[in-house]
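Read through the structure below, which is laid out as structure tokens, and then see the notes.
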Amino acid sequence: MASAAEFQHTLAKAASLSGTSLHTGARVSLKIQPAAANSGIKFKRKDLQDEPTIDATIANVKTVERATTIGEGSMRVHTVEHVLAALSGLGVDNAMIEMDANEPPIGDGSALMYVEAIRKAGVVPLEAPRLLFHPREPISIETKSGSLLVLLPDDEFRISCTQAGPEGRFTQFMSTTITPAIFEREIAPARTFVYYEDVQALMEKNLIKGGSLENAIVVRGESVLSKEPLRFPDEFVRHKILDIIGDLALVGRRIRGHVVAIKPGHSANAELARALAREHTRRSAMSAPRAIPIGDSGLDTGEVMKILPHRYPFLMVDRVIGFEGDNKITAIKSITINEPFFQGHFPGHPVMPGVMQIEAMAQVASILLFKLTKTSSRVGYFMSADEVKFRKPVFPGDTIFIHAELTRARGNRMAKTKCYCVVNDAVVSEGELMFTFLDK
Ligand SMILES: [Zn+2]
């Protein structure tokens, strides 16, 4: 299981580098900035108006052809996997990657330039426990093109990978635990490779304007064309492992498990990442009722009403299923057609208004803060909501699991909570809610 001493990490200071992007051939400057605990990895497009940011998460993956592209609206960030692999491989949980183009530099086709820049900046711990994902049972995906990926329970992050080229050429196998030292020495230097027969098609699609033998190995028949000799006899499978690490970083939690990958690729890697994120959401929605330590049990409606001043129709919590330590709470609310907010909200098409979901999150988070300040003379008041996203509609008959987690408490004055509403194992809405503490 997770050791208590495992903390989140970020960079000690900014790491800068520049180079050429693979697909467009444009010059790009990239700066990796330190970031706060629980903020995860984000990209910022400095070249666009208002400098939009985007979370490096599987929910934002747009395409997986040759490389992994994330996007939101019309904004795109292409080929995220090598910089993400370097951050994940070196144990960085939180960072802001700023760029003045739509793609990080390709470097020599490996993750070396990122590793060197991150090492130079330094990696430091933050005062927050790491977010981990432990599979409880095997989780597998299989694609039509013959990729098979399985995640098995294990105490460490391990990858066992079989790479196979066309007609079985360059079939290679490697199995290794991934630690920062092993990643840096055995995986990060492995360069990207491309089959000669594919190069023509990629050029026609204008996908590799910046491509050259400086930043990729070209495989033609049985021979290998590259600027410098192979760095490892099995460099290809090592690069496949590098890509798996980068793509699985999109799960947003560090994996403690053994990935067995046969003929992996970005599409298959993303599919596994999606399956893990789904399993995590499902589990956080379902795991609350069991394994709650004594003294941390739930609250029924009467007890909820002793804490919250709200009454029907404004009470948005049926009951609290449980707490996890001092930082997490899960509550439920069943939505019926009799809820007054269905009157007049999209007549004939009853959908729960988003503002009521925020209200539900705020009430549940308030109960968590009440528990926290029970012995003090202060009480938490809801101030504002940030990063609010409505992902799916909520209909009459749905039961909402409302999760709130305390992500930051600044002294006795402010608290920040990350909240989710989950229906049928899917996140329907989420937001960061801020509270201020005032005297009772
Ligand atoms: Zn790659």
Side-chain angles (χ1 to χ4, degrees), residues 17 19-25 28 30 41 43 56 58 61-70 77-90 97 99 102-118 143 145 147 149 159 161-165 170 172 174 176 178 183-184 186-196 198-199 202 207-219 224-228 230-232 234-250 259 261-273:
L17 50 93
T20 309
S21 67
L22 174 63
H23 294 132
T24 61
V28 45
L30 180 145
I41 309 288
F43 284 86
I58 188 65
V61 168
K62 286 288 180 283
T63 61
V64 286
E65 193 185 1
R66 298 297 310 173
T68 302
T69 294
I70 58 174
V77 180
H78 301 283
T79 321
V80 295
E81 62 270 16
H82 296 170
V83 61
L84 290 182
L87 288 166
S88 173
L90 296 182
I97 305 165
M99 307 187 302
N102 65 5
E103 189 182 13
I106 186 68
D108 61 5
S110 76
L112 260 192
M113 72 188 296
Y114 297 109
V115 165
E116 281 162 8
I118 294 165
T143 67
S145 54
S147 304
L149 271 68
I159 300 180
C161 180
T162 302
Q163 118 82 22
F170 296 96
Q172 298 174 357
M174 186 181 191
T176 180
I178 305 296
F183 176 78
E184 190 170 350
E186 308 289 339
I187 304 299
R191 291 163 295 168
T192 200
F193 59 97
V194 59
Y195 298 102
Y196 184 79
D198 294 338
V199 173
L202 290 171
L207 277 174
I208 48 169
K209 275 190 194 156
S212 74
L213 288 180
E214 310 267 318
N215 51 38
I217 302 166
V218 176
V219 180
V224 166
L225 316 171
S226 69
K227 194 180 164 232
E228 60 173 285
L230 288 177
R231 294 175 177 173
F232 307 95
D234 56 356
E235 188 163 355
F236 299 171
V237 70
R238 290 171 192 251
H239 189 83
K240 287 286 186 184
I241 291 175
L242 193 161
D243 282 340
I244 291 171
I245 295 169
D247 287 334
L248 291 186
L250 295 164
V259 179
I262 294 158
K263 287 179 74 179
H266 294 300
S267 160
N269 299 348
E271 208 174 308
L272 181 65

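Atoms within each ligand, like the ligands themselves, are counted from 1 in listed order. If you're wondering where the values come from, they're calculated on a predicted model, not measured in any experiment.
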Under the side chain to side chain contact (heavy atoms under 4.5 Å, CB included) test, residues paired with E186 that sit two or more places apart: M174, I182, F232, R238

Hits for side chain to side chain contact (heavy atoms under 4.5 Å, CB included) against A273, two or more places apart or cross-chain, chain-then-number order -> I58, L248, V251

Does Y196, at its OH atom, have more than 12 non-hydrogen atoms belonging to other residues, nucleotides or ligands within less than 6.0 Å? no

Relative to the Zn ion (ligand 1), how many protein N, O or S atoms have a separation of less than 2.8 Å? 4

Check whether any side-chain N or O of H78 sits under 3.5 Å from a backbone N or O of N102 as a donor-acceptor pair, and report yes or no. no

With sequence neighbours left out, the residues meeting ring-ring contact (aromatic ring centres under 6.0 Å, His included) with F170 are F236

Surrounding NZ of K227 (heavy atoms of other residues, nucleotides or ligands, distance under 6.0 Å), is the total greater than 12? no

